[in-house]
Every structure is written in C-alpha cells, then in structure tokens.
Amino acid sequence: MKFPVTKNPNPGTMPEASKLGFGSVFSDHMFLMDYNAKDGWHDARIVPYGPLSLSPAASVLHYAGEVFEGLKAYRRKDGKVQLFRHDANVERLNISAERIGLPQVPVDVAMAAIEQLVELDQAWVPSAPGTSLYIRPFLFATDPALALHGVHEAMFVIILSPSGSYYAEGLNPVKIMLETEDVRAVRGGTGYTKCGGNYAASNRAGDRAMQKGYSQVLWLDGVERKYVEEVGAMNVMFKIDGKVITPMLTGSILSGITRRSCIQMLKSWGMEVEERLISIDELVEAAENGKLEEAWGTGTAAVISPIGELCYKDVKYTINGFEIGPTAQKLYDELTGLQWGDKPDPFGWTKVIGE
Ligand SMILES: *Cc1c(COP(=O)(O)O)cnc(C)c1O
C-alpha cells in the first residue's frame with residue numbers, strides 16, 4: 001500500500017539536537033485522510049506540512065471529538081530507523097475512536113501511513129543520544145454544523161516532530177503531588193482513551209502542582225478518591241517490599257504501551273508484578289515503614305520517569321533518597337536499548353523502516 005505524495009517544494013532544515021525540545025519542530029510532510037458517512041475513509045495522501053482548513057463550526061472545536069496517539073521512530077547506530085510497537089498504537093487509536101463516536105481507521109492503512117511518512121521524512125529522525133522522531137497521529141470530527149447529531153465527517157492526520165533528549169541532564173527523579181480535589185476520569189467515562197478532552201480536564205490540577213514546584217500530579221480514582229490511578233500522562237509503578245505493583249486497568253486508566261512493555265520485561269526477568277487496586281493509604285504506610293523502595297512513571301515520552309518525592313496532604317515522602325532505584329534504572333536501560341536498536345529485541349516489538 002503506497003499513498004500519493006505531494007513533495008514539499010521548500011524543505012526545512014533540522015535544528016541541532018540541543019535546540020529540538022519537544023513537539024515544536026515539524027518535518028516536511030504530513031499524512032491526511034478524509035472521512036464522510038457516504039464514502040467512508042478516502043483520499044489518503046501525503047502533502048507538505050502546513051495549516052489545515054476547517055469550518056469554524058467544525059464539531060471538534062465545540063464538542064471535543066478528538067483522539068490521538070503518540071509514538072516514536074528511533075535512529076539506530078547503523079543509521080537505520082525503527083518503530084516500536086506501532087501496531088499497538090493503531091489498535092489503541094481505534095479503541096479511543098470507538099468510545100468517542102469517531103469512525104475507526106483501517107488498521108493496515110494507518111500502519112502503512114506511519115511507515116511511509118517516516119520513510120519519506122527519515123532525514124528528520126535525529127541521531128544524537130536520547131533523541132527521536134515523535135509521531136503524532138490524530139483523528140477528529142469535522143462536521144460543519146453545531147447540531148449534535150453524531151459524527152458524519154472526520155479527518156485523520158499524522159505529523160512528525162523531531163524531539164530532543166528527554167533527559168538532557170540525566171535520569172533525574174521528579175517530585176509528584178497527589179491531587180485530592182480534581183479528578184481526571186471515572187469508570188464509564190473516557191479515562192481509558194487518549195482523547196484531548198481528558199487533557200483539558202487535567203490542566204487545572206497540573207498548573208496548580210507546577211506552581212507548587214511539582215512536575216506532575218498523581219491522580220486518585222474519581223469515585224472514592226482512594227485508589228492511585230496514574231501520574232500526569234504516564235502510568236505509575238511502585239516497588240513495595242520487593243514486588244512491583246501497578247494500578248489495574250479499571251477503565252479510568254490509559255492502557256500504556258510502555259506500561260505493558262515494562263510488565264512483560266519485569267516478568268521475563270522473574271520479577272513479581274501485581275496489577276491491582278492500590279490505595280493511597282497503602283502507599284503512605286509503605287513509605288512510612290520504609291517498604292516503598294521505588295516509584296516511577298512509564299510513558300512514550302520519558303520512557304521511565306523515577307519519582308523522588310510524593311506529596312500528599314502537605315506531607316512529603318522522599319523515595320529511595322531521591323535517587324533512581326535499580327529496577328527503574330534497569331527498565332530504562334533495557335527498554336531504551338531495545339528501542340534505539342542497541343540491544344536485541346527478543347519480544348519482536350521493533351520494525352525497521354524499509355525492511
Ligand atoms: C499516553 C498516556 C500514557 C502513556 O502511554 P504510552 O503508550 O506508554 O505512551 C499514560 N497515561 C495517559 C493519560 C496518557 O495519555
């Protein structure tokens with residue numbers, strides 16, 4: 001499957017790695033595909049990166065019919081470019097779309113679109129350590145009418161953004177604040193989807209945490225505010241008394257691909273992993289008894305983000321002396337080794353572009 005390409009007549013140049021940052025530089029091309037109820041998905045194409053034209057009444061702007069994905073392409077030492085579990089991202093995009101009432105994208109089309117776009121713009125995959133090409137597929141409702149009548153028109157877009165190293169200054173632990181007022185999601189809601197609306201609901205708490213010097217919030221469940229769910233845009237794992245414990249997927253938590261990969265890796269090393277409800281009281285008690293050995297977030301952007309401090313109701317709990325622990329470090333080393341192609345991939349998670 002190959003899509004028609006309109007070449008960018010004014011290709012850009014890639015900034016040096018130290019100036020890349022995250023999500024603000026874009027490659028030369030993007031993928032577009034349109035949907036309407038009569039023709040289904042049609043007119044898949046690759047065109048120069050640039051503004052989209054939308055009706056001011058487009059329903060995404062009013063009713064937030066939008067879902068997205070985030071994945072990366074990595075430059076290997078041999079110069080080749082590879083993807084990590086992009087099939088899982090496409091599958092999740094459709095799970096999200098189904099929940100929001102958006103049309104699902106044919107899996108083979110979305111996979112081929114990611115592959116062809118990355119291959120075309122592979123010069124935009126940076127090669128400095130820790131850098132990558134961030135891939136952002138997104139899908140939204142474009143019905144040009146304010147009436148709420150279901151989605152009859154939609155657009156699927158993929159854009160590419162070369163990104164700097166998340167850990168320019170090393171794998172530093174972060175400070176996290178428990179959010180006790182706002183909630184992100186409830187069971188039966190959209191917490192398990194990657195939809196823009198979830199982020200809108202999270203902004204206020206994130207801003208408040210930031211003002212207090214914390215980098216993210218740790219969400220509690222939306223009903224009892226008792227069980228730990230996830231941290232900012234990452235899933236969360238704790239090592240308590242030698243065991244790794246991570247919140248189970250109750251419907252209000254995103255099923256992270258990094259989370260899934262970590263669980264599989266940990267188990268392959270013979271470590272015990274429990275996916276279950278974990279209450280904030282259990283966590284605080286473990287911290288007080290010195291049994292909370294490590295905590296870290298998992299997500300595509302940071303891969304592993306060690307948590308050095310948790311703040312709950314104004315009490316601060318330092319974890320592992322604000323140092324990265326051995327389990328988080330090993331997960332980071334093994335997962336990034338596999339993603340950048342420095343280590344073998346016994347799980348079959350990577351796909352080399354053009355092979
Ligand atoms: C994207 C995301 C994650 C992490 O998912 P990955 O597939 O590992 O990148 C976790 N939580 C939320 C809310 C997210 O949006």
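Note that this is a predicted model, so its numbers are computed, not measured. Counting starts at 1 for both ligands and their atoms, in listed order.
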* To do: Measure centre to centre between the rings of Tyr35 and Phe156, then say whether the value is under 6.0 Å.
  => no
* Asked: Tell me: protein heavy atom nearest atom 2 (C) of ligand 1, and distance?
  -> Lys194 NZ, 2.6 Å
* Would you please determine whether Ala233 falls within less than 4.0 Å of ligand 1 on a heavy-atom basis? => yes
* Numbering the atoms of ligand 1 from 1, which are under 4.0 Å from a heavy atom of Asn235? -> 10 (C)
* Nitrogen or oxygen of Glu230 less than 3.5 angstrom from that of ligand 1 -> yes
* Of Lys212, Arg208, Arg184, Arg225, which is the lone residue that meets salt bridge (charged side-chain N to carboxylate O under 4.0 Å, His left out) with Glu179? -> Arg208
* **Element-labelled atoms of ligand 1 that are located less than 4.0 Å from some non-hydrogen atom of Arg92** => 5 (O), 6 (P), 7 (O)
* Donor-acceptor contact below 3.5 Å, side chain Asp143 vs main chain Glu153 -> yes
* To do: Check side-chain contact (heavy atoms from CB on, under 4.5 Å) between Asp39 and all other residues, then give those that pass, not counting sequence neighbours.
  => Asn36, His42
* Asked: Which atoms of ligand 1 are found less than 4.0 Å from any heavy atom of Arg184?
  -> 13 (C)
* Asked: Can you get from Phe31 to Val105 by hopping between Ile, Leu, Val, Met, Phe, Trp and Tyr side chains that sit under 4.5 Å apart?
  -> yes
* Asked: Can you tell me the protein heavy atom closest to atom 9 (O) of ligand 1 and the distance?
  -> Thr300 OG1, 2.6 Å
* To do: Compute the shortest N/O to N/O distance between Tyr199 and ligand 1 and return yes if it is under 3.5 Å, no if not.
  => yes
* To do: Considering heavy atoms of the protein only, find what lies nearest to atom 8 (O) of ligand 1 and give residue, atom and distance to 0.1 Å.
  => Thr258 OG1, 2.6 Å
* **same_hphob_cluster(Trp349, Tyr332) at 4.5 Å side-chain heavy-atom cutoff** => yes
* Structure fact -> residues 301-317 vs side chain to side chain donor-acceptor pair (under 3.5 Å), sequence neighbours excluded, gives Tyr214-Glu309
* To do: Report, in ascending order of atom number, the atoms of ligand 1 lying under 4.0 Å from any heavy atom of Gly256.
  => 5 (O), 6 (P), 7 (O), 8 (O)
* To do: Quick one: look at Ile257 and ligand 1, take heavy-atom pairs under 4.0 Å, and tell me if it's side chain, backbone, both or neither.
  => both
* To do: Determine, using ring centers only, whether Tyr199 and Phe68 are less than 6.0 Å apart.
  => yes
